[in-house]
Protein chains: 2
Amino acid sequence: MYAYATGAFAPDHESRGISRAEAFILQNRFERPTLVLDTEAVARQYGALKAGLGRAVIHYAVKANPAPEILKTLCALGSRFDAASRAEIEMCLAAGAAPAHVSFGNTVKKPADIAFAYGAGVELFAVDAEEELDKLAEFAPGASVYVRLIVEATEADWPLTRKFGCAPGKAVSLMDYAVSLGLCPVGVSFHVGSQTRRAAMWAPILDQVAGVWADAKAAGHDLSVLNIGGGFPAFYGVEVQGATSYAAEVMGQIATRFGDVAHVMAEPGRGLVGECGAIAAEVLLVSRKSDNDLHRWVYLDIGKFSGLAETMDEAIRYQFLTERDHEDTGPCVLAGPSCDSVDVLYEKQPVQLPLGLKSGDRIVIRNCGAYTSTYATIGFNGFPPLDVIVI
Amino acid sequence: MYAYATGAFAPDHESRGISRAEAFILQNRFERPTLVLDTEAVARQYGALKAGLGRAVIHYAVKANPAPEILKTLCALGSRFDAASRAEIEMCLAAGAAPAHVSFGNTVKKPADIAFAYGAGVELFAVDAEEELDKLAEFAPGASVYVRLIVEATEADWPLTRKFGCAPGKAVSLMDYAVSLGLCPVGVSFHVGSQTRRAAMWAPILDQVAGVWADAKAAGHDLSVLNIGGGFPAFYGVEVQGATSYAAEVMGQIATRFGDVAHVMAEPGRGLVGECGAIAAEVLLVSRKSDNDLHRWVYLDIGKFSGLAETMDEAIRYQFLTERDHEDTGPCVLAGPSCDSVDVLYEKQPVQLPLGLKSGDRIVIRNCGAYTSTYATIGFNGFPPLDVIVI
């Protein structure tokens, strides 16, 4: 953490320091909403996670933020990559990653993209269904696959649906089918749920996975890859466990249940880059709907369609810095700039903001490094996508 | 409506014809998800709405679809435009619109964008708050403004929040304040809620607006502009009233309540272009999560982040055509291609699709002309934005 920047910006109520990205925002002016990314912070967080993960290999979840500078920084540190599409594979290769260090982690792949990946030298693919195995057998013959499992996870801040994975009882039959097609089933994967705040929350899920692992071994599958997915948290105002102790505690739980499994893969996205960026934004309007309204409405120049999609259902609650943080605060409904009524960021649980806030005030949205820039629309309401600056 | 295309595609269960955009999709192949827009259909729908709206002036809500060909088509027909931002104003001007025929309908405007619009010749601005009037007085001195009202509307398929508008009791004081700033308060606006399926649903809302209108007149404001907003529906599988009779019935209700108000503005977006486009998509995977699952999961190459954002909360329910529509159907959960668990289109209320559907099958998403292309993200998960072809 960095010393507070001088000037009117005061530290937030958590008394956390001002990050380098935030300091950069305070010292500059921006014509439109801009995400500032700090690759030094990325490198530091990679080190913190790696220190706890030990022998596990990090495959950065590129979808969290595919900025070329982030990919290059991580590549230079020895990170591997988890790609969701052909374009993400190409970005990893362009950043210098070896094809064998890129896994194709989407369980739903276009046949042409499978063929591309296989031709480029990608060796490891995620599956959760027979038809996906059929496609892999045709377009990536002999490839290694891991079976994604559905696990019951209810403690994450951004819990997962049943979209990805097969029921645990189906995993062994998928492995059998893979073998019958000449593919090589090497392991399993799962996801505890994005933004799982404490390592202790992993225990019941690891128990479920260990059961499938044992069943597969008993059925004769010589598994060597345990892909533990993501779920590593970023700070959004509610305390999260530190990265190193979190990762070490997860690895301890894995050792207890899986012994000396040959390869452990971890796929942090948010937990690696979430705290490595901040957004420079501006207040466009402060109003009350009627003279006796308790809540003000505060409208920013960025919203759900221009980078803050994760405010959907108010799941991720960003923190803010303003130049009036020394003033008294009051509750606000926070909304974006578009002419769309769903472009409201926080309403059910209003945000505390300074009472003097007004149009033209600058506002910093903290810890926005993950799932912002690429979530922006190409021009809904005529607003351009989020600008990105890497420092 | 057009004759059915020849080939394997059968008409859907509603026995509606195949549109020209759909026929174009059936006769061509697409490498990636593609929105096909039909400007002839746009012109036809403009005529149908205009026939019912009579003396009311149409200001097309550009945000619904800003494709230059649509703007040019409408401009040539005499349409005016409702713009949400500087970029949308520029698109209207580029399409040939006179600046005086473009209204700036966003109640949340950047000061620089107000100055741009005023300088370009835009004369009419939406407001719902004192601070917005302050900005207009400074950057668009003397401009005409209409006050956006919050109305209680519960019957629309995509109901509006309280994001836009002021409480009815505040409208007159805002007009008074506008006068004190040298601005010209000319009328009011409201929105019945997007996708209001029948004209009869407008009645209670028009009653509310008429009350404010009378109060403002009584307070000495010589109002001349009634902006009735949008809400005109498109067909998504549930019957909607025909455009001409719908518009005529709305105008009848207005005449009863407002008499011969000088200028009535209507801002159709979805109701003008929603049925004028279709998306060519492809099935990537069909699977069952376990062998005894009742529902299949069907994954498409397009999802919530690449054009189908309006499936949020399953609000807008698109219709589909496949090459197997002659087969028996069964319930499916429908999902997009991204590695994001929220990228599920329909789950609470599953979709009926052919039992034989499989990876590689083509699928047409019907009536996708509104709120698709610009809602697409710039590259989430590495997937490119929706392709657009205009026929």
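Below, chain A is the first sequence line, B the second, and so on; all start at residue 1. Just so it is clear, the structure is predicted and the values come from calculations on it, not from any experiment.
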Report summary line: The reported gap from CD1 in A:Ile378 to OG1 in B:Thr377 (rounded to nearest 0.5 angstrom) is 9.0 Å
Query raised in the report: With a 4.5 angstrom heavy-atom cut-off, which part of B:Ser306 approaches chain A: side chain, backbone, both or neither?
Result: neither
Query raised in the report: When the ring planes of A:Tyr375 and B:Phe305 are compared, do they come out parallel, tilted or perpendicular, using 30° and 60° as the limits?
Result: perpendicular
Query raised in the report: chain A heavy atoms under 4.5 Å from B:Glu90: which part of the residue, side chain, backbone, both or neither?
Result: neither
Query raised in the report: Are B:Lys170 and A:Asp293 close enough for a salt bridge, meaning some N to O gap below 4.0 Å?
Result: no
Query raised in the report: Would you call B:Asp340-A:Lys163 a salt bridge at under 4.0 Å N-O?
Result: no
Query - Engaged part of B:Arg288 at the chain A interface, taking heavy atoms whose separation is under 4.5 Å - result: both
Query raised in the report: What part of B:Asp301 lies closer than 4.5 angstrom to a heavy atom of chain A: side chain, backbone, both or neither?
Result: side chain
**Report entry** Interface moiety of B:Lys358 toward chain A, non-hydrogen atoms closer than 4.5 Å
**Finding:** both
Report summary line: CZ (B:Phe383) and NZ (A:Lys110) are apart, to the nearest 0.5 Å, by 8.5 Å
Query raised in the report: Which value, rounded to the nearest 0.5 Å, describes the distance between B:Lys109 atom NZ and A:Ser359 atom OG?
Result: 11.0 Å
Report summary line: Looking only at B:Ala129, B:Ser85, B:Ser287, B:Ala87, most heavy-atom pairs under 4.5 Å shared with chain A are made by B:Ser85
**Report entry** Between CZ on residue B:Arg148 and SG on residue A:Cys339, distance to nearest 0.5 Å
**Finding:** 7.5 Å
